[in-house]
Amino acid sequence: MTFDAIVIGGGPAGLSAALVLGRARRRTLVVDAGEPRNAPAAAAHGMFTRDGTPPAELLEIGRAQLRPYGSVELRPGKAEAARVVEGGFAFDLTDGETVRARTAVLATGVRDDLAGVPGLRELWGRGVYHCPYCHGWEVRDEPLAVLANGETAMHLAPLIRQWSADLVLLTDGPADLTAADRAILTGLGIPVREEPIVRLDGAPDRGLGVVFADGEVLARRAVFARVPVMPRTGLAEGLGCALVAEGMVPGLIEVDAVGRTTVPGVYAAGDVTTPMAQVVAAAAAGALAAAMLNGDLVRADLPVLEPVPAGG
């Protein structure tokens, strides 16, 4: 069987794309590895009509709403390789099967590299956060910290200041800040702590302690940190899709304004295409890419008419 579309990834972007494709009566396969990036978080925020819903519950709602559309198949697993074939694309799944589709939506997401400060992984999404729009309201006016340095620190610290005046910038070593940067931080009332950090201690959602090398412990309600982000682009590269070379998150899949990649017939949506990692943004991008995909298929299937002879 050749599907009209294969969607790789069953997160907000992938499920939203599948919903649009199902309603467009497209034979669609969704392959989902079951590894959502926001799984550690207690709730997803900023999601219209679903603010504060646990991430797993959101996904279950999304899967349930696909059931009326018989042309959509959900399949757990991973696609480990992809290539261009005649008539579309082939994806090799980890169960040994190869599936073919005329088009593809890559909603493969990204992976956060949490191998930095000890304790970061254990508290990620439960006291250490990456996005103030997702988690800032819940810790408003509490003692907060930003763990970052250089340009990233100067982007994130003034932003977090919107949610709390009790804010400390932690650079975990010598600060890469200009005199102008320091003046801005001083004007905002944000002290800079350059001491090396040994670890982060604490109970999820109950506050934490930043333990410095000299043994001092700085008590904070939450820490906002920007960690290295690893886009999952192996399939995109196998298909020949161009990646973004620079920017806040290098290596994202290059797409146009509606989700088309540089390879005709391949679309991408969600965190793997943008540093703006929010559930509602990913869902919107998935819906848009799917609508464009369907329209492109409609145009590709238009009948080829013989030219009408002049005068006839």
Side-chain angles (χ1 to χ4, degrees), residues 6-18 30-41 44-47 55-56 58-59 62 76-82 91 94 104-117 120-126 128-135 147-148 151-152 155-156 224-256 259-263 266-289:
I6 183 169
V7 179
I8 306 296
L15 293 179
S16 182
V30 181
V31 179
D32 180 29
E35 299 173 349
R37 181 188 187 189
N38 62 354
H45 292 286
M47 184 68 182
L58 273 180
L59 296 182
K78 292 183 179 181
E80 56 186 8
F91 289 79
T94 51
V105 178
L106 303 179
T108 46
V110 301
R111 179 179 63 83
D112 295 306
D113 184 355
L114 303 177
V117 177
L120 185 66
R121 183 181 304 277
E122 291 77 10
L123 292 167
W124 189 247
R126 298 184 291 266
V128 180
Y129 306 111
H130 80 287
C131 175
Y133 296 104
C134 300
H135 304 287
L147 177 57
E151 292 183 7
T152 301
H155 167 75
L156 193 55
F224 286 85
R226 288 287 163 82
V227 301
V229 173
M230 316 298 288
R232 295 188 173 105
T233 56
L235 298 177
E237 293 178 75
L239 293 170
C241 300
L243 305 182
V244 178
E246 299 179 351
M248 188 180 297
V249 182
L252 296 172
I253 300 175
E254 181 180 323
V255 294
D256 67 9
R260 296 186 184 95
T261 72
T262 56
V263 175
V266 180
Y267 308 73
D271 290 1
V272 77
T273 67
T274 175
M276 187 63 175
Q278 287 190 292
V279 171
V280 67
L288 180 58

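In this chain, residues are counted from 1 in sequence order.
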Report yes if some heavy atom in the side chain of [X] is under 4.5 Å from a heavy atom in the side chain of [Y]; otherwise report no.
X: Thr273; Y: Tyr267; answer: no
X: Phe224; Y: Pro132; answer: yes
X: Ile253; Y: Pro231; answer: no
X: His130; Y: Asp112; answer: no
X: Val272; Y: Thr233; answer: yes
X: Leu120; Y: Val227; answer: yes
X: Leu106; Y: Ile8; answer: yes

Taking all heavy atoms of [X] and all of [Y], pick out the closest pair and write down the distance.
X: Gly259; Y: Ala289; value: CA-CB, 4.4 Å
X: Ala79; Y: Val31; value: N-CG1, 4.3 Å
X: Cys134; Y: Ala277; value: SG-O, 4.2 Å
X: Lys78; Y: Ala33; value: CG-CB, 3.5 Å
X: Ala107; Y: Ala13; value: CB-CB, 4.0 Å
X: Gly46; Y: Val280; value: O-CG1, 3.5 Å

Roughly how far, to the nearest 0.5 Å, is [atom2] of [Y] from [atom1] of [X]?
X: Arg226; Y: Leu147; atom1: CZ; atom2: CG; value: 11.5 Å
X: Leu15; Y: Leu58; atom1: CG; atom2: CG; value: 10.0 Å
X: Trp124; Y: Asn38; atom1: CH2; atom2: CG; value: 12.0 Å
X: Leu114; Y: Arg121; atom1: CG; atom2: CZ; value: 5.0 Å

query = Can Arg111 and Glu35 be counted as an ion pair, charged N to O under 4.0 angstrom?
reply =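 So Arg111 does not pair with Glu35 through a salt bridge.
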
task = Say whether, by atom type as modelled, one donor and one acceptor occur between the side chain of Thr262 and the main chain of Ala242 under 3.5 angstrom.
result =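 Confirmed, Thr262 side chain pairs with Ala242 backbone.
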
ask   = Just by modelled atom types, is the Gly286 backbone N or O under 3.5 Å from a matching donor or acceptor in the Ser16 side chain?
value =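 No, because the side chain of Ser16 does not come within donor-acceptor range (under 3.5 Å) of the backbone of Gly286.
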
message = Tell me whether Glu80 at atom CD has more than 12 heavy atoms from other residues, nucleotides or ligands lying less than 6.0 Å away.
response =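 Yes, enclosed.
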
